Amino acid sequence: MSVDIRRAADRFRTENEWLHSHHSFSFGPYYDPANVGFGLLLVHNDEIVAPGTGFDTHPHQDLEIVTWVLRGALVHQDSEGHNGIVYPGLAQRMSAGSGIQHSEKNDAGEPVRYVQMWVRPDEVDLPPSYQQAEVYDALSTGELVPIASGLPKHAGTTAIHINQRGAGLYAARLTPGATVELPTAPYVHLFVALGTITLEAAGELNTSDAARLIASDGPRATAGPEGAEILVWEMRP
């Protein structure tokens, strides 16, 4: 197994009066040919959007877009007539398919922080679609909960489905000192959304740090004294 630790402070940043966005991979004007994705994961943005602002209607095509809110609420609207409010403990997926336009706005009185992740679908030109599901209660187990997956082993258990048979996203909320075992897989991407963890054979990771694992053999992640929330992609290209 190889582990590549990526610290929060080393990511690309887009910052203006209403948006603070940190990009794990090349995104928009930021391009690094050595960092255009990992496994099947193309985009992994950690974003804070100010109250009363957000992303106006814009297009996407042939992407599976998964959004996970950590604080506040995000309002989704798209050209297929889907409307949703995404908040902590709710998983959301938009399949852009043959083409869709959507907006993401913060209509609340506090900043919203969320992580948005993109993967390519198995097939192009699929019909656009949308799905969201509550997972708050499942997270109370402290285990890795499959929240957005196309992996065959998660059929019938994942909260929402993505059109990519080689990828699955887990979330876990860990109490102080709790431990989970990461997947054994060709590619695993671990993101510390909140708190601090110690990753076996790699050391401490703090909020917004990430680890990219190749040929993962299932290392253990242990939460620090304040607990942690983690997002984990298992990928089998």
Side-chain angles (χ1 to χ4, degrees), residues 1-16 19-49 55 58-68 70 91-102 104 113-126 128 147-151 160 162-171 182-193 199 202 205-217 219 230-237:
M1 181 180 74
S2 69
V3 182
D4 181 9
I5 302 298
R6 301 292 179 120
R7 299 297 178 185
D10 296 332
R11 290 178 297 168
F12 298 125
R13 300 183 183 187
T14 297
E15 296 186 355
N16 55 39
L19 172 68
H20 285 195
S21 182
H22 292 183
H23 318 300
S24 294
F25 310 116
S26 296
F27 188 82
Y30 302 100
Y31 180 70
D32 176 357
N35 187 27
V36 295
F38 179 73
L40 295 165
L41 190 57
L42 301 176
V43 167
H44 196 288
N45 290 346
D46 184 0
E47 305 190 318
I48 298 176
V49 175
F55 294 93
H58 57 282
H60 290 290
Q61 185 173 354
D62 292 326
L63 288 169
E64 299 293 294
I65 299 175
V66 179
T67 302
W68 183 253
L70 296 161
Q92 184 230 48
R93 178 269 294 161
M94 184 182 75
S95 296
S98 58
I100 197 169
Q101 298 191 54
H102 78 139
E104 297 163 303
R113 180 188 170 212
Y114 63 96
V115 180
Q116 188 167 95
M117 299 149 280
W118 303 359
V119 297
R120 289 287 184 196
D122 289 316
E123 302 177 53
V124 299
D125 292 329
L126 293 169
I147 62 171
S149 180
L151 292 169
I160 55 178
I162 61 173
N163 296 304
Q164 174 49 260
R165 292 182 294 273
L169 173 65
Y170 304 83
L182 301 186
T184 299
Y187 295 90
V188 170
H189 186 275
L190 164 67
F191 180 74
V192 183
L199 179 61
L205 282 76
N206 299 306
T207 299
S208 298
D209 288 346
R212 304 177 188 184
L213 286 66
I214 296 176
S216 168
D217 58 5
I230 60 174
L231 296 172
V232 179
W233 280 94
E234 175 183 349
M235 293 171 283
R236 300 176 177 275

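Please read all numbers here as calculations on a predicted model, not as lab measurements.
- In plain terms, the two heavy atoms of Met235 and Leu41 that are nearest each other are SD-N, 3.6 Å.
- Evaluation of the salt bridge (charged side-chain N to carboxylate O under 4.0 Å, His left out) rule for Glu64 yields no partner, not counting sequence neighbours.
- For CZ of Phe38, the number of neighbouring non-hydrogen atoms (other residues, nucleotides, ligands) closer than 6.0 Å is greater than 12.
- Listed by chain and residue number, Asp4 satisfy the salt bridge (charged side-chain N to carboxylate O under 4.0 Å, His left out) test with Arg6 (two or more places apart in sequence, or in another chain).
- Taking CG of Asn206 as the start and CZ of Arg7 as the end, the distance is 6.5 Å to the nearest 0.5 Å.
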*Which is it for Val115 and Leu70 under the side chain to side chain contact (heavy atoms under 4.5 Å, CB included) test, yes or no, and what are the steps along the way?*
CA-CA 8 Å; Val115 180; Leu70 296 161; 3.9 Å; yes

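- Remark: His102 engages His58, His60, His76 in a ring pair (Phe, Tyr, Trp, His ring centres under 6.0 Å) (not counting sequence neighbours).
- For the atom pair CD (Glu104) and OH (Tyr114), the distance works out to 4.5 Å, reported to the nearest 0.5 Å.
- Of all the heavy atoms in Ala91 and Ile147, the pair that sits closest is CB-O, 3.8 Å.
- Contact check for Asp125 versus Asp62: side-chain heavy atoms found under the 4.5 Å cut-off.
- Looking at heavy atoms from C-beta onward, Ile65 lies in side-chain contact with Trp118 at the 4.5 angstrom threshold.
- Among all heavy-atom pairs drawn from Pro183 and Glu234, the shortest one is CB-OE1, 3.6 Å.
- Arg236 approaches Pro186 most closely through the heavy-atom pair NH1-CD, 3.6 Å.
- Gln164 and Gly166 make their closest contact through OE1-N, 2.9 Å (heavy atoms, listed as atom of the first residue, atom of the second, distance).
- Each side-chain hydrogen bond (donor to acceptor under 3.5 Å, both in side chains) pair with one or both residues in residues 31-44, not counting sequence neighbours, appears once here: Asn35-Arg212.
- Atoms CD1 and CE, from Ile162 and Met94 in turn, are 13.5 Å apart once rounded to the nearest 0.5 Å.
- Using a 4.5 Å heavy-atom cutoff, the side chains of Leu40 and Trp233 are not in contact.
- Residues passing the side chain to side chain donor-acceptor pair (under 3.5 Å) test with Trp68, sequence neighbours excluded: Glu229.
- Remark: Arg113 engages Asp46, Ser208 in a side chain to side chain donor-acceptor pair (under 3.5 Å) (not counting sequence neighbours).
- Val43 places none of its side-chain heavy atoms less than 4.5 Å from the side chain of Leu63.
- Partners of Glu15 under the side chain to side chain contact (heavy atoms under 4.5 Å, CB included) rule, at least two apart in sequence or in another chain, are Arg13, His20, His22.
- Counting heavy atoms from C-beta on, the side chains of Tyr187 and Ile214 come closer than 4.5 Å.
- For the side chain to side chain contact (heavy atoms under 4.5 Å, CB included) test, residues two or more places apart in sequence or in another chain that qualify with Ser149 are Leu151, His154, Thr158.
- Residues passing the ring pair (Phe, Tyr, Trp, His ring centres under 6.0 Å) test with Phe12 are Tyr30, sequence neighbours excluded.
- Contact record, Leu182 with Leu190: CD1-CD2, 4.1 Å, taken as the closest heavy-atom pair.
- To the nearest 0.5 Å, the span separating CG on Asn45 from OG on Ser24 amounts to 7.0 Å.
- Contacts of Asp122 classified as salt bridge (charged side-chain N to carboxylate O under 4.0 Å, His left out), with partners at least two apart in sequence or in another chain: Arg165.
- Side-chain atoms of Pro219 and Leu213, non-hydrogen and from C-beta on, do get closer than 4.5 Å to each other.
- In this structure, Ser21 and Phe27 have side chains that are not in contact, with every pair of non-hydrogen atoms separated by 4.5 Å or more.
- Thr67 meets the side chain to side chain donor-acceptor pair (under 3.5 Å) test with Gln92, Gln116; sequence neighbours excluded.
- Between the CG atom in Leu19 and the OG1 atom in Thr14 there is a gap of 6.5 Å [rounded to 0.5 Å].
- Inter-residue side-chain proximity for Val232 and Val188 is flagged as met; some heavy-atom pair is nearer than 4.5 Å.
- Residues satisfying the side chain to side chain donor-acceptor pair (under 3.5 Å) criterion with Asp217, sequence neighbours excluded, are absent altogether.
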